[in-house]
Amino acid sequence: MPVSFLDTLGEAVTRRLAARSSRRGMLGRMGAAMAVAPAFPLLPVRRADAAPAPTPNPAATLTDFERRAQSTDPTKCTYWRHCAIDGVLCGCCGGGVHTCPPGTEPSPVSWIGTCRNPDDGRSYVIAYRDCCGRNICAAPKSCGCNTADREMPIYRPQASNDIIWCFGTASTAYHCSTAAIIGQAG
């Protein structure tokens, strides 16, 4: 059977490699290559020819509540600060969007939510605080809200609106809920 040129070339390269290297040296080089390989993505790369990142479409990331949110009437469930509220709005009960009505006291603890203001497009951290001390407010049905936008499961109680937060007050009777801005989100 005739020997082809490629067979002869392959044999010559293999014999030369075997004569100049040892098994231990080959294993050492392979180990070094495997140790250094993960660092290659960290090396600087010319990205001038890369395509620019697509700009995100803010309208595509809005939740249903954020699409309906308004900033003019705080006695409506669609008011932008009420994105995670569950209860009767204190604005309908003689209080305000962030103040308890006379004869009630704010709970010392609150749950939080992050709501987007439709006027400036920024997100704000809102502290929802129950007002306690009187029976539930007899406000119109339109003032009872359960918007729960981006609500977290109960294993994160600080973000849950399903808890009556009237512990630590003189009375644990729930009356209404407020929505105070803590600050701008991240």
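Just so it is clear, the structure is predicted and the values come from calculations on it, not from any experiment.
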The single option from C145, S142, P140, P74 passing side-chain contact (heavy atoms from CB on, under 4.5 Å) against L89:
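Of C145, S142, P140, P74, side-chain contact (heavy atoms from CB on, under 4.5 Å) with L89 is met by C145 alone.
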Heavy-atom side-chain contact between [X] and [Y] under 4.5 Å:
{"X": "H82", "Y": "V97", "answer": "yes"}
{"X": "V125", "Y": "I181", "answer": "no"}
{"X": "S171", "Y": "C132", "answer": "no"}
{"X": "I85", "Y": "Y79", "answer": "no"}
{"X": "R68", "Y": "D64", "answer": "yes"}

Can you list the steps and then say if D130 with S177 is a side-chain hydrogen bond (donor to acceptor under 3.5 Å, both in side chains)?
CA-CA 4 Å; D130 289 342; S177 298; 2.8 Å; yes
Determine, stepwise, if the pair I136 / V88 fulfils side-chain contact (heavy atoms from CB on, under 4.5 Å).
CA-CA 8 Å; I136 193 164; V88 178; 4.1 Å; yes
Between [X] and [Y] (side chain of the first, backbone of the second, donor and acceptor by atom type, cut-off under 3.5 Å), is there such a pair?
{"X": "T178", "Y": "R129", "answer": "yes"}
{"X": "Y128", "Y": "A84", "answer": "yes"}
{"X": "T104", "Y": "R134", "answer": "no"}
{"X": "E105", "Y": "G133", "answer": "no"}
{"X": "E66", "Y": "T63", "answer": "yes"}
{"X": "R67", "Y": "L62", "answer": "yes"}
{"X": "H175", "Y": "C131", "answer": "no"}
{"X": "Q70", "Y": "D73", "answer": "yes"}

Grab the two heavy atoms, one from [X] and one from [Y], that are nearest each other, plus how far apart they are.
{"X": "D86", "Y": "Y174", "answer": "O-OH, 4.3 Å"}
{"X": "A127", "Y": "I112", "answer": "CA-CG2, 4.4 Å"}
{"X": "R81", "Y": "A180", "answer": "NH1-CA, 4.3 Å"}
{"X": "G91", "Y": "T75", "answer": "O-CG2, 3.8 Å"}

For N135, I'd like to know if atom CG has over 12 heavy atoms of other residues, nucleotides or ligands within 6.0 Å.
no
Should the SG of C92 and the SG of C143 be checked, would they turn out to be under 2.5 Å apart?
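A disulfide is present here, as the SG pair of C92 and C143 is separated by less than 2.5 Å.
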Does the SG of C176 lie under 2.5 Å from the SG of C137?
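No, because the SG atoms of C137 and C176 are not under 2.5 Å apart, which misses the disulfide cut-off.
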S71-D119 side chain donor-acceptor pair, cut-off 3.5 Å
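S71 vs D119: donor-acceptor pair found between side chains.
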With rounding to the nearest 0.5 angstrom, report the CG to SG distance, N117 to C83.
11.0 Å
So, for W80 and F65, is the gap between ring centers shorter than 6.0 Å?
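Distance test on ring centres: not under 6.0 Å, no.
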